[in-house]
J.: 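Mind having a look at this structure? Questions to follow.
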Amino acid sequence: MNAMDAEQLVSDKTHVNPFETGLHQGRIPSPCTLVIFGATGDLARKKLIPALYALSLEGQLPMPFHVIATGRSASDSTSYRDQMRENVIQYGRLPFNQEAWDNFARNVEYVTIDVVSDNGLQPLVEVLDDIDTNKGGHHNHVFYLSVPPSAMGPLSRRLKEAGLSTPRQGSFSRLVVEKPFGRNLETARELNSTLHEAFAEEQIYRIDHYLGKETVQNMMVFRFANGIFEPLWNRQYIDHVQITVTESIGIEGRGEYYEESGALRDMVQSHVMQLLAITAMEAPTNFRAETIRDEKVKLLRSVRPIHPDDALQHTVRGQYGRGWVNGQEVMGYREEHGVPKGSLRETFVAARVDIDNWRWEGTPFYLRSGKRLGKRVSEIAIQFRRVPHSPFVGNIASPFGTLPDSGIEPNLLVIRIQPEEGISLKFSAKVPVQSMEIRGVNMDFHYGSSFLRQSPEAYERLLLDAMLGDTTLFARVDEVEEAWRFCTAILDGWRSHPPVESQFPNYEAGTWGPKDADLLLQRDGRAWRRL
Ligand code: BG6
């Protein structure tokens, strides 16, 4: 069944508005204007503009579609377009095509704004007005906040003052918010309530780009469109789960940001907690945005809180020192630009997470994420329990000869989010020799070879969804707050027990993190997967 058929089926069977189902692939949004705040920043240059260009190349953008790039610096549309052309050539997913770029870039304008002064958004209001009145913009606006957290509240207030947060009858006004979404539970709540002064929750789209990754979306299809895995997806059959999001890159010149943030805030609170929720949640009854988000929140609420006093027992923090990555010597975190020499900021985190519900009681989830590790890998590994009794163990005579002494390895299901996107299932097989030798083999699915097409970039999917009004792949206010509740308790515990300065760095760049991360699992009689 293709997505269009699926959509037809859903709307026939349940009278659900297909726009709300998340099964709307192939739809074109209504004419609209995307306003990017922070349009000269890294995200806009490397991700947003290349993603919009790819959507335009694939004919997925509405007609007409306008981009208003805004920033504080005094620039003009021509030089902005020229800069973005270079970025699209460098970072674009699809080959560059001058004619397609010209078509797209024609509707990209740069507007200088000043958020600090009272009427600072006036130039934007005027350009929007011109688009809406004379160029078929239909008063449909998507405001993308790619700005530091401290600028988000003031900007949303300014949008309200400028009359842009309330949509006209029959039009829409949406706010897309980039992470980091606060620094802890308290600041996230403050930010939420500031945004809610101007925009209703249904108008807010909180980006977690991991949710836009094809492989993460496929997790839901894998779990809920296949009958054979779900019956095994629980404490009875699963020994434990490992969620790994590792990177070989360092902080890429973002010393100041990272020093404020660290691995727990940067990766765990958002991406890793989302992966946890999708892996462990109950089956939703339909694919409506709110149904899925309800299930994720329910799961996040079942995550057993780690009391600050127990934080060091359930988590491990690390910081990289000098080392070798991909054959090159790289500097330690404390030597990076913008990082103080005695920094205690963590660039690695590992944690044991327990979920207090019937499905998962007694099945731990181990999470790890870090910079400058051996390899860039994001995966979810489901380690099944051993067979209850192995007839293959022991030195007994059998028609096959002497059976091996060793136990057989338990089944392992690995969902590879990136790179080498795919899924593999490890099971035991008999080695084709005269004796009974057993070895683990893999049944493998590779996106690349099965579908022979490139997956769209996460930002392509998410930008399109925001224009379509589909909130399924965006984090709702309560999801973000639940994830913060869990992470804030850990941060509180870490703050009360800071590492001593000589404790960091505690892992060499290019390795798999600090020794303590291994001990975290060894204590439970388990080990991290070797990647
Ligand atoms: C971002 C983090 O959200 O995700 C970065 O701020 C990190 O520190 C990035 O490098 C990883 O994203 P991806 O898609 O490359 O795994």
Side-chain angles (χ1 to χ4, degrees), residues 38 41-48 50-51 54 91-93 144-149 152 176-183 188 205-219 243-276 278 317-320 325-326 330 333 336-339 345-349 367-380 415-421 447 454-463 473-475 479-480 483-484 487 509 531:
D42 251 22
L43 185 81
R45 292 191 306 108
K46 294 184 182 163
K47 298 285 182 188
L48 302 183
Y91 302 109
R93 174 174 68 85
Y144 198 116
L145 303 191
S146 172
V147 294
M152 288 177 183
V176 182
V177 187
E178 259 299 330
K179 70 180 261 283
F181 203 78
R183 295 201 75 240
Y205 293 66
R206 294 178 194 80
I207 289 249
D208 184 314
H209 79 277
Y210 267 58
L211 293 177
K213 290 185 192 274
E214 276 293 322
T215 36
V216 175
Q217 294 169 53
N218 188 46
M219 251 316 261
I243 301 185
T244 299
V245 181
T246 58
E247 297 179 277
S248 56
I249 56 168
I251 52 167
E252 305 278 283
R254 298 189 303 162
E256 273 150 38
Y257 158 76
Y258 205 83
E259 191 51 24
E260 274 292 296
S261 150
L264 189 79
R265 290 189 178 93
D266 185 46
M267 297 297 282
V268 177
Q269 186 277 334
S270 47
H271 311 322
V272 179
M273 293 302 277
Q274 284 290 344
L275 295 181
L276 171 72
I278 291 175
R317 48 197 169 170
Q319 187 192 82
Y320 62 85
V325 173
N326 300 329
V330 297
Y333 176 69
E336 300 267 10
H337 181 71
V339 175
R345 182 53 69 209
E346 86 285 356
T347 59
F348 174 96
V349 55
L367 320 177
R368 63 175 156 168
S369 180
K371 300 264 183 210
R372 283 285 188 232
L373 296 175
K375 213 162 135 187
R376 175 180 186 239
V377 178
S378 296
E379 64 160 46
I380 297 160
I415 296 157
R416 295 186 304 271
I417 292 163
Q418 64 191 22
E420 295 163 29
E421 292 81 355
Y447 265 84
Q454 233 186 27
S455 299
E457 278 279 329
Y459 277 97
E460 294 171 35
R461 171 68 197 243
L462 296 174
L463 282 164
L473 301 178
F474 296 86
E479 264 175 83
V480 170
W484 268 125
C487 291
L531 300 169

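Reckoned from all heavy atoms, side chains included, excluding hydrogens, waters and symmetry mates. This structure is a prediction, so every number in the text was calculated from the model and none was measured. We count ligands from 1, going down the list as the structure has it; atoms in each ligand are counted the same way.
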J.: For atom 12 (O) of ligand 1, which protein heavy atom lies nearest, and how many Å away is it?
T.: His209 NE2, 3.1 Å

J.: So which protein heavy atom does atom 15 (O) of ligand 1 come closest to, and at what separation?
T.: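 Protein heavy atom with the smallest distance to atom 15 (O) of ligand 1: Arg376 NH2, 3.3 Å.
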
J.: Quick check on Arg254 - does any of its heavy atoms sit under 4.0 Å from an atom of ligand 1?
T.: yes

J.: What heavy-atom pair brings Val330 and Val325 nearest, and what distance separates the two atoms?
T.: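 Nearest heavy atoms, Val330 then Val325: CG2-CG2, 3.9 Å.
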
J.: Of all the heavy-atom pairs spanning Ser146 and Leu48, show the shortest one and how long it is.
T.: CB-CD1, 4.5 Å

J.: For ligand 1, which atoms have a heavy atom of Lys371 less than 4.0 angstrom away?
T.: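 This gives 5 (C), 7 (C), 8 (O), 10 (O) as the contact atoms.
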
J.: Are any of the N/O atoms in Ser378 less than 3.5 Å from those in ligand 1?
T.: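 In fact, backbone or side chain, Ser378 has no N or O that close.
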
J.: Using a distance-only test with no angle check, is there a side-chain donor-acceptor pair under 3.5 angstrom linking Ser248 and Arg376?
T.: no

J.: Any Lys/Arg nitrogen of Lys179 or Asp266 sitting under 4.0 Å from an Asp/Glu carboxylate oxygen of the other?
T.: yes

J.: Are Tyr144 and Glu178 close enough that a side-chain donor and a side-chain acceptor fall under 3.5 Å?
T.: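 Yes - a donor-acceptor pair under 3.5 Å links their side chains.
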
J.: Which one holds for Tyr258 and ligand 1: side chain close, backbone close, both close, or neither close, with close meaning a heavy atom under 4.0 Å?
T.: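 For Tyr258, no heavy atom sits under 4.0 Å from ligand 1.
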
J.: Which residue and atom name correspond to the protein heavy atom nearest atom 16 (O) of ligand 1, and how close is it?
T.: Tyr210 OH, 2.5 Å

J.: For Arg93, is there an ion pair with Glu460 - N to carboxylate O distance below 4.0 angstrom?
T.: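 Yes.
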
J.: Taking all heavy atoms of Gly38 and all of Ala44, pick out the closest pair and write down the distance.
T.: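 Closest heavy-atom pair between Gly38 and Ala44: O-CB, 3.8 Å.
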
J.: Considering only the protein, which heavy-atom contact is closest to atom 14 (O) of ligand 1, and what is its distance?
T.: Lys213 NZ, 2.6 Å

J.: Geometry only, no angles: is His271 polar-contacting ligand 1 at N/O separations under 3.5 Å?
T.: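 Yes; the residue has a nitrogen or oxygen that sits under 3.5 Å from a nitrogen or oxygen of the ligand.
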
J.: Any luck finding a side-chain donor-acceptor pair between Glu336 and Tyr320 under 3.5 Å?
T.: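 Checked: Glu336/Tyr320 side chains pair up, N/O donor to acceptor below 3.5 Å.
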
J.: Measuring from atom 7 (C) of ligand 1, which candidate in Glu247, Glu178, Lys179 has the nearest non-hydrogen atom?
T.: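 Heavy atom nearest to atom 7 (C) of ligand 1 belongs to Glu247.
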
J.: Looking only at protein heavy atoms, which one is nearest to atom 6 (O) of ligand 1, and what is the separation?
T.: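 Closest protein heavy atom to atom 6 (O) of ligand 1: Asp266 OD1, 2.6 Å.
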
